[in-house]
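Keep in mind that this is a model prediction, so the values were computed, not measured.
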Amino acid sequence: EDVLLPFRRSRESRRAHSARTRALLSAAARAEGGASREGGVVVARPLLTTLPNLEREDERRPASAFVVRALSKKERAALLDPRGCGCRLASDDADVRVMYRVAGNGEGPAMRRWDVSSSLKAQVRNTTFGGNVVLGVLLEGPDAVKEAVPSKLSELVGVSDNGLIRDCILEPGCAVHRNAEVSETHAMKYAAIIGCGTVSCPRSGVEKSKEECNFDLAEGSMDVEVGPEA
């Protein structure tokens with residue numbers, strides 16, 4: 001029996017999730033590189049990117065295409081309207097982008113400008129956003145919670161009642177509710193951050209962990225000294 005197999009699988013899973021995060025950040029950077037100015041405001045071009053599906057038991061394809069783009073005027077109004085989502089921006093330079101999965105039949109280019117106001121109203125409410133936030137929403141057709149997902153989790157999907165969400169990627173299908181602050185965090189599909197104080201994973205903390213404890217958070221490994229037993 002391979003006693004190290006669970007550890008190897010854990011490392012492979014961690015690497016896959018880390019690679020997905022890097023791919024999404026890289027895609028967002030490319031969108032910024034193609035930004036244009038509309039009405040005095042710098043707007044990143046709509047981005048269509050392909051990411052691997054990590055929850056394979058709930059997916060029919062190894063990868064899916066996603067749109068990541070700035071909010072339209074109508075979507076921004078829905079997000080900030082007290083009668084809509086009732087959300088707020090921590091500052092004037094806060095940048096909230098929407099992320100959603102597109103149909104797998106070549107409809108990606110046509111879906112770049114889809115209006116997702118109704119999905120925002122159904123899944124996002126009463127949260128303050130700051131910094132750069134990618135806010136994911138589920139759409140009825142391309143990306144819905146499957147029957148295999150526990151019903152209680154499907155009911156929790158969305159973002160609500162958070163004191164501050166700052167510099168985060170919240171993918172479609174995650175659940176982030178009733179937290180004081182969530183920052184510098186990537187919540188993927190089915191991830192749940194609920195009822196916490198402060199949740200954060202800054203680069204400085206990752207580097208400090210490696211320097212002081214020899215614990216590599218990205219790899220999930222630690223160098224230890226092993227000597228002969230007495």
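The distance from the OG atom of Ser64 to the CG atom of Asn53 is 3.5 Å, given to the nearest 0.5 Å. Between the OH atom of Tyr190 and the SG atom of Cys174 there is a distance of 12.0 Å, given to the nearest 0.5 Å. Between the OH atom in Tyr100 and the CH2 atom in Trp114 there is a gap of 8.0 Å [rounded to 0.5 Å]. Considering CE of Met99 and CG of Leu24, their distance stands at 5.0 Å, rounded to 0.5 Å. Atoms CG and CG, on Leu135 and Leu120 in that order, are 6.0 Å from each other to the nearest 0.5 Å. Between atom OG of residue Ser117 and atom NZ of residue Lys121 there is a gap of 6.5 Å, rounded to the nearest 0.5 Å.
Between Val98 and Val68 the shortest side-chain heavy-atom distance does not fall below 4.5 Å. Side-chain contact check for Val133 versus Arg166: every heavy-atom pair is 4.5 Å or farther apart. Val134 places none of its side-chain heavy atoms less than 4.5 Å from the side chain of Leu170.
Clustering ILVMFWY residues whenever any of their side-chain heavy atoms sit less than 4.5 angstrom apart, transitively, puts Leu164 in a cluster other than the one holding Val159. There is a path of hydrophobic side-chain contacts, each under 4.5 Å, that joins Val3 to Phe7.
Contacts of Arg8 classified as side-chain hydrogen bond (donor to acceptor under 3.5 Å, both in side chains), with partners at least two apart in sequence or in another chain: Asp2. When the salt bridge (charged side-chain N to carboxylate O under 4.0 Å, His left out) test is applied to Arg83, the partners found at least two apart in sequence or on another chain are Asp81. Applying the side-chain hydrogen bond (donor to acceptor under 3.5 Å, both in side chains) criterion to Arg22, with sequence neighbours excluded, gives Ser18.
Thr185 contributes a side-chain N or O that, together with a main-chain N or O of Ser183, makes up a donor-acceptor pair within less than 3.5 Å. Checking side-chain atoms of Asn162 against main-chain N and O of Ala180 turns up no donor-acceptor pair under 3.5 Å. Side-chain atoms of Gln123 come within 3.5 Å of backbone N or O of Leu138 as a donor-acceptor pair. Side chain of Thr127 to backbone of Arg125: a donor-acceptor contact under 3.5 angstrom is found.
The shortest non-hydrogen separation linking Val199 to Ile193 is CG2-CG2, 3.9 Å. The two atoms that bring Ala94 and Phe129 nearest to each other are CB-O, 3.8 Å, heavy atoms only.
Ionic pairing of Glu75 and Arg69 is present here: one or more N-O contacts between side-chain nitrogen and carboxylate oxygen are shorter than 4.0 angstrom.
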For the pair Val176 and Ile165, evaluate side-chain contact (heavy atoms from CB on, under 4.5 Å) and give the outcome as yes or no after the intermediate values. CA-CA 9 Å; Val176 182; Ile165 300 291; 4.0 Å; yes
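Each of His177, Arg88, Arg178 was checked for a side chain to side chain donor-acceptor pair (under 3.5 Å) with Asn126, and the lone residue meeting it is Arg88.
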